[in-house]
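Here the structure is laid out as structure tokens; the discussion comes afterwards.
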Number of protein chains: 4
Amino acid sequence: MPRVSEEHRERRRQQILDAAQRCFVRKGFHKTSLQEIFRESGLSAGAVYGYFRSKDDLIRAIAARSEPQVSAILEEILDTGELPPLDEIVARFAAGVIERMGSGGGILIAPQGWALATYNPAVHEAMARIFSNTRSWWTRVAERLQDDGRLAPDADPHAVGAVLTSIITGFIVQRLLLGDVDAETLREGMRTLLSSDLGSSEAVGVGNELDRALALPVRSLDAG
Amino acid sequence: MPRVSEEHRERRRQQILDAAQRCFVRKGFHKTSLQEIFRESGLSAGAVYGYFRSKDDLIRAIAARSEPQVSAILEEILDTGELPPLDEIVARFAAGVIERMGSGGGILIAPQGWALATYNPAVHEAMARIFSNTRSWWTRVAERLQDDGRLAPDADPHAVGAVLTSIITGFIVQRLLLGDVDAETLREGMRTLLSSDLGSSEAVGVGNELDRALALPVRSLDAG
Amino acid sequence: MPRVSEEHRERRRQQILDAAQRCFVRKGFHKTSLQEIFRESGLSAGAVYGYFRSKDDLIRAIAARSEPQVSAILEEILDTGELPPLDEIVARFAAGVIERMGSGGGILIAPQGWALATYNPAVHEAMARIFSNTRSWWTRVAERLQDDGRLAPDADPHAVGAVLTSIITGFIVQRLLLGDVDAETLREGMRTLLSSDLGSSEAVGVGNELDRALALPVRSLDAG
Amino acid sequence: MPRVSEEHRERRRQQILDAAQRCFVRKGFHKTSLQEIFRESGLSAGAVYGYFRSKDDLIRAIAARSEPQVSAILEEILDTGELPPLDEIVARFAAGVIERMGSGGGILIAPQGWALATYNPAVHEAMARIFSNTRSWWTRVAERLQDDGRLAPDADPHAVGAVLTSIITGFIVQRLLLGDVDAETLREGMRTLLSSDLGSSEAVGVGNELDRALALPVRSLDAG
DNA sequence: CATGAATGAGGCTTCATTCAT
DNA sequence: GATGAATGAAGCCTCATTCAT
């Protein structure tokens, strides 16, 4: 039985994670030294090491913490009785993302997590799980649209989910790099595309010339 | 070995950049030590420093080099006389991206560049320029579609360009994190969305509830 | 080993400075690597860096530490009630200097400090302050001699102070380079000069042929 | 028989030494890299190495070159038929020294040579020889003064030479560190001391209290 | 002779981590 | 549990020197 309450431990943990996140936003995972986190958190080296076993552990915890944040945005939207038009769903989500970009916002370090996942297997696994969850939400959106008859019965909700996930992910990057896009831009662009008739008139069959470039076999998505 | 041709210098430069890129793909910018790059390039420390002033300089050069690669994909597509359906344009682009993800492919380190730009002003500037160029291409695609009458005359090509840029950017991240999406998935999802009627029936006016979340004023995009 | 007393810190500081000084005497500021200082001090790299921010900082501290040492010699002599003959003052000072040339003695690195001050502005400033202080002491000696009536009332104590400062400074260099001069030599030479009548019979007026060579205007010395 | 004339070689040598000296004055022996000397001299690495075997060799050559410079000053003065008053001799010498302190002047690096001699045996030997020569000149001055009957017959010219050498050496240091002393200051201070009667009335015998501090036995000076 | 690209040992410094208090 | 001084491996970079051209 610990001398300090579990509650106290959790508060300390968050205090450290908050400090670390502020540092990471400012200087990145790698350029942030633990000494800086000690200073920012107001705790000593030993104290921090009492909660996290290593710097990598700290980074992993930061990444893990971002998961519920992203989910919360979507959940809020999906909980509405009737589903709004798709451009509005996307725009609302984008607005939620922007809100979470405020100073110290967790979204600001998402790209660092994605980049890290690129070459770090452990982080890859963690980020893949988070990302997969997010995509599942979007796939479910597509399914509900299909249920409502707004999407063709033979449409593939997984493919639609993948596109919607891409849009939001790319929006984050674009917003961080160029800063000149907002939820309204996204809504406007989406509305234009959705109400146009720009797509191919029919499904492109297998054996298409494109297929030569496709590296991976088409697997069932979101199965894991 | 003095008095070497400019050609020789350029070859050496590429030799170093290639080696660095391979290392960065494997271990990331920060976890890659210069010693590893020396070894991978087969050159000595001094030799590398004769071409790049610092590790940051090397990273910057790697980022700069990715620009023409991305442009090349789009240029190829746009040069076609008649514009293919939009879902196919996107799919072809995605296929081009996947091709460039092969081992040592520059696209693999793009997320690292985006992440770095998040907190490193110098890199931010470089990446913003590249990203802006790419978006200009997509905006031009939208303009050509509008010229062809396939997009409503009052549509905003910038907004459409922003969405298309997001799709591709997000596709890269999704592909790297989950690996289960390919050009065909993207095409299918796009086709479904484009041929549906999921958008709002009319423009959402100013004063909309959404606006509270919009942090930035709507500026004209790609103006610079 | 945390929460150490200020006293402990100061002891460590001196431990490092002592080690550094021994190294500098043996191999000079520049040829001494920090590794050698770590070894000599029995501390790790990190420990030393906890007390000094850089090698330059260490050198500066060594230079600063020499000030009180030099002052102490003179103070002792001046504290005597009646001032001894000038040749003896100089000889006593020289003897004090020689005493401080023993192995590890701070005087041994004085020339290195002077040399460094020649091209390093920061060190120049530090050394100039120390040197100026020393000269002030000698000027005060001249003033007391004047008060005692042993120096002409119209003599310039600053000029005399400058000469006496030169004698001692030059003695240090000569002693280190040739090793065959000691306090007694200095005393004997001084006595001969002081009791002779080798000077010009009267002040050389302004406009003298010499003046062409004088680069600087005669400013009041030791004003700062 | 060399392809290039000896004359050409010597010109190149001086070109290199001049460049090196300018660098040394600016940044010191140790902080000056050979690359800087290559640049300053307008020659390539290989070319410089064709004339000097190493950096140390270059430094040694610079030091050796300073010898005739110092001698020249004194020789000029001593060649005069009748010896001027001592304060004027010293002042003239000081003026000559100051002249040679102009930008790139060899005197500016003399302290670096003295400092180096402090711990580098090879340089010590070279500098000791030069310094000894200079002192011989001053001893000869004392001897001529004695011959002229201006110095007591039982005075020790070596001791007087040692003091005069100290004065000039210390003057150089003082001038470099404080900048506010010139030949006239020195002349004035010397005149005051020479025409006063500040010395002990009689020789202090052996067994004096001072002797305890004397580290070295009194050897005959300038014997080598 | 001259060039200057290349070498690679070694210098300074940082920083994740430990542990005595 | 908390502290923070200490550790020391490892990182980035410089620079005296060589040698193929």
Side-chain angles (χ1 to χ4, degrees), chain A residues 2-5 8-9 12 30-39 42-58, chain B residues 1-5 8-9 12 30-39 41-58, chain C residues 1-5 8-9 12 30-39 41-58, chain D residues 2-5 8-9 12 30-39 42-58:
Chain A
R3 203 124 42 105
V4 172
S5 71
H8 173 260
R9 272 195 73 80
R12 273 266 189 277
H30 304 280
K31 292 280 186 191
T32 297
S33 73
L34 286 183
Q35 334 278 330
E36 287 174 89
I37 296 176
F38 302 152
R39 213 178 307 129
L43 291 172
S44 68
V48 172
Y49 268 84
Y51 292 87
F52 300 94
R53 288 215 313 276
S54 67
K55 189 181 182 182
D56 276 358
D57 194 30
L58 198 49
Chain B
M1 207 178 301
R3 189 80 38 100
V4 286
S5 63
H8 172 262
R9 272 193 75 79
R12 271 268 188 280
H30 304 282
K31 290 283 186 190
T32 297
S33 75
L34 287 183
Q35 295 301 329
E36 290 174 89
I37 296 177
F38 302 151
R39 211 178 308 128
S41 68
L43 289 172
S44 67
V48 172
Y49 270 87
Y51 292 87
F52 300 94
R53 288 214 309 273
S54 66
K55 189 181 182 181
D56 275 0
D57 194 31
L58 198 49
Chain C
M1 205 177 301
R3 188 79 41 98
V4 286
S5 62
H8 171 263
R9 271 193 74 79
R12 271 268 188 280
H30 304 281
K31 289 283 185 189
T32 297
S33 75
L34 287 182
Q35 295 301 329
E36 290 174 88
I37 295 177
F38 302 152
R39 213 178 308 129
S41 69
L43 289 173
S44 68
V48 171
Y49 269 85
Y51 292 86
F52 299 95
R53 289 212 310 271
S54 66
K55 190 182 182 183
D56 275 0
D57 195 30
L58 198 49
Chain D
R3 204 129 36 111
V4 172
S5 69
H8 174 259
R9 273 194 74 78
R12 273 266 190 278
H30 304 281
K31 291 281 186 189
T32 297
S33 72
L34 285 183
Q35 335 277 331
E36 287 175 270
I37 296 176
F38 302 152
R39 213 178 308 128
L43 290 173
S44 68
V48 172
Y49 268 85
Y51 293 89
F52 299 95
R53 288 215 311 276
S54 67
K55 190 182 182 182
D56 276 357
D57 194 30
L58 199 48

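Below, chains carry the letters A, B, ... as their sequence lines are ordered, and counting in each starts from 1. Hydrogens, waters and symmetry mates play no part in the numbers below; they use all other heavy atoms, side chains included.
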* To do: Check whether any side-chain nitrogen or oxygen of D/S44 sits under 4.0 Å from OP1 or OP2 of E/dG4, and answer yes or no.
  => no
* Exercise: identify the closest heavy-atom pair between C/S41 and C/F38 -> OG-O, 3.1 Å
* Asked: Is A/R12 near enough to F/dG1 that one of its side-chain N or O atoms lies under 4.0 angstrom from OP1 or OP2?
  -> no
* Asked: Could you write nucleotides 10-15 of chain E as a row of B, S and -, 5' to 3', where a protein heavy atom under 4.0 Å of any base atom gives B, of only sugar-phosphate atoms gives S, and otherwise -?
  -> -SSBBB
* Structure fact -> In whole angstroms, the gap separating C1' of F/dT17 from CG of D/L58 amounts to 14 Å
* Asked: From the list F/dG1, E/dA6, E/dA2, which nucleotide is the closest neighbour of the side chain of D/H8?
  -> E/dA2
* To do: Indicate whether OP1 or OP2 belonging to E/dA6 is found under 4.0 Å from a side-chain N or O atom of B/Y51.
  => yes
* Rounded to the nearest 0.5 Å, how far does CZ of D/F52 lie from CD1 of D/I37? -> 9.5 Å
* Asked: Less than 4.5 Å apart, any side-chain heavy atom of D/E36 and any of D/R39?
  -> yes
* Structure fact -> Rounded to whole Å, CZ of D/R9 lies from P of E/dC1 at a distance of 5 Å
* Which atoms form the tightest heavy-atom contact between A/S54 and A/Y49, and what is the distance? -> CA-CE2, 4.4 Å
* Structure fact -> Closest non-hydrogen contact found for D/K55 with D/T32 is NZ-O, 2.7 Å
* Structure fact -> When both distances are under 3.5 Å in a Watson-Crick or G-U wobble arrangement, the nucleotide paired with E/dT21 is F/dA2
